[in-house]
Amino acid sequence: MSTQTPVIELRHVDKHYGDLHVLRDINLSVHKGEVLVLIGPSGSGKSTLCRTINRLETIDSGEILIEGEPLPQEGKALAQMRAEIGMVFQSFNLFAHKTILQNVTLGPIEVLGMSKAEAEARAMELLRRVGVDAQAAKVPAQLSGGQQQRVAIARSLAMQPKAMLFDEPTSALDPEMINEVLEVMVELAREGMTMVVVTHEMNFARRVSNRVVFMADGQIVEEGTPTEFFDHPKTARAKDFLDSIRGH
Amino acid sequence: MGIAEILQKYGQNYAMAIFETLSMTLLCFVIAMGISIVVTVMRVSPIKPLRLVGDLYVQIFRNIPGVALLVLVAYALPNIRIVLPWKTCVEVTVVLLASAFGSENFMTGINAIGVGQIEAARSIGLTFTKTMQKIVIPQALRSAVLPMTNLLIATMLTTALGSQVPLNPQELTGLVSYITTDSTGLGILPFMISAVCYAGFSFLLGLLGNHIDKKVRVLR
């Protein structure tokens with residue numbers, strides 16, 4: 001691993017929902033070009049952790065640093081930082097009243113101040129890359145789930161992010177559409193994008209990630225390379241989890 | 001006297017009353033829309049006092065009968081040295097009522113958007129204001145077309161409050177009182193003429209609303 005400042009760093013992060021301690025003393029660094037997969041049983045806090053990184057969830061204590069700078073609390077500075085971290089949601093969350101093309105150009109035009117012509121040219125290129133350029137004039141409801149998720153990825157990429165967060169990007173998809181989305185993600189990983197991926201896709205984790213972080217009950221229980229984790233899990237929690245998803 | 005004679009004698013008055021009703025309706029509706037957008041943005045803002053003021057505004061003006069509100073505006077406000085012209089009293093009343101209901105329509109539209117799109121907007125770096133401008137308000141406006149058409153019709157019908165104060169020229173309902181006092185023995189005919197006008201305009205507005213809704217509706 002490089003000795004550079006990590007792109008994303010969490011130090012002693014804690015969060016409660018009322019009595020529930022959802023994140024317990026989380027310490028995590030993600031370096032440039034790294035693909036980190038967060039896995040764990042539902043309710044383990046992995047989605048919450050992912051969402052704290054661009055402050056869609058606040059934290060109670062601890063620190064989150066983006067390229068060594070603390071995450072701003074609110075206002076313009078926070079918006080600015082969010083623009084630099086892409087986010088892909090389980091439920092796509094495309095803007096329903098805008099065309100596919102407008103979904104991708106909105107951020108560049110409104111946040112980066114790009115001209116409409118340039119934003120559209122770049123958006124078309126991104127849509128071509130994820131294979132939905134033919135749908136550019138349609139609205140989200142006219143696309144399949146897999147297509148919508150690929151547009152959502154293009155929308156994030158249009159902001160030229162330093163890192164991308166994926167919060168269960170394939171969990172809401174029909175089985176036959178999962179691969180088309182994973183392929184786009186594999187491609188991104190190959191191109192060196194820094195990625196944090198919450199997923200249940202173990203093949204993706206094994207094939208693409210540099211590091212697997214296993215969470216349970218709001219804690220990081222174990223982390224390691226995919227081979228270490230999947231073939232030689234160290235903790236009983238991780239062994240149980242792997243057994244349960246392998247259908248034993 | 002039959003309809004023909006009534007129209008011959010009072011046709012001019014009806015024409016002016018129609019103009020009064022429609023112009024008041026348009027003015028009140030436009031202002032009410034502006035206020036409902038402001039009130040709705042307050043109600044969804046991250047600032048709690050603003051949310052409270054917005055909610056209070058809606059709760060107050062949605063729950064007072066129009067006539068009672070008109071009495072307050074026309075006869076209570078002078079006690080604090082606010083004396084408005086009669087027509088303005090009616091317009092203020094209609095605007096207060098319509099804007100409270102308008103904000104409720106927008107809130108319904110906003111609730112239909114869902115938190116996901118708002119999170120997506122924030123995650124590409126849009127500020128609260130931009131998220132409102134680009135994502136929330138446009139969709140709330142589009143999905144509010146049908147309820148707002150109903151509100152426009154209700155606004156028109158509510159301008160009949162103008163019959164409770166001396167207006168000159170009168171609107172469609174006030175004119176009926178004038179005619180039935182001016183000529184006796186007309187029965188309900190003068191009222192029927194006004195009623196047909198109201199119904200006709202309501203019908204046309206309904207058609208227009210449906211047409212607009214089909215064009216701008218957000219597919220989900």
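In what follows, chains are A, B, ... by sequence order, proteins preceding strands, each numbered from 1.
- Atom NZ of A/K76 and atom OG1 of B/T129 lie 7.0 Å apart (nearest 0.5 Å).
- Between chain B and the residues A/A158, A/A79, A/P140, the most heavy-atom pairs under 4.5 angstrom are made by A/A79.
- The candidate with the highest count of non-hydrogen atom pairs below 4.5 Å against chain A, out of B/R122, B/Q133, B/R217, is B/R122.
- If you measure heavy-atom distances from A/L94 to chain B, the contacts under 4.5 Å come from the backbone alone.
- With a 4.5 angstrom heavy-atom cutoff, A/L165 does not touch chain B via any of its atoms.
- How far CG of A/N54 is from CD1 of B/I124: 12.0 Å, rounded to the nearest 0.5 Å.
- Summarising the local packing, NE2 of A/H16 is surrounded by more than 12 heavy atoms from other residues, nucleotides or ligands at distances under 6.0 Å.
- Of the atoms belonging to A/F95, heavy atoms from both backbone and side chain fall under 4.5 Å from chain B.
- Using a 4.5 Å cut-off between heavy atoms, B/K134 contacts chain A through both its backbone and its side chain.
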Practice prompt. Run the numbers on B/E119 and A/R51 for side-chain contact (heavy atoms from CB on, under 4.5 Å), then give the verdict.
Written response: CA-CA 10 Å; B/E119 286 186 345; A/R51 290 163 54 86; 2.6 Å; yes

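- The distance from atom OG of B/S123 to atom CZ of A/R55, rounded to the nearest 0.5 Å, is 15.0 Å.
- Counting heavy-atom neighbours within 6.0 Å of B/F191 CZ, excluding the residue itself, gives a total of 12 or less.
- Looking at A/Q142, the atoms closer than 4.5 Å to chain B (heavy atoms on both sides) all sit in the side chain, from C-beta outward.
- Interface summary for chain B: among A/G107, A/P108, A/A141, A/A96, the most heavy-atom pairs under 4.5 angstrom belong to A/A96.
- Here the closest non-hydrogen pair linking A/H97 and B/Q139 is ND1-NE2, 3.0 Å.
- Between the A/E110 side chain and the B/L126 main chain, no donor and acceptor come within less than 3.5 Å of each other.
- Using a 4.5 Å cut-off between heavy atoms, B/R142 contacts chain A through its side chain alone, with no backbone atom that close.
- In B/M16, the CE atom is not crowded: 12 or fewer heavy atoms of neighbouring residues, nucleotides or ligands sit closer than 6.0 Å.
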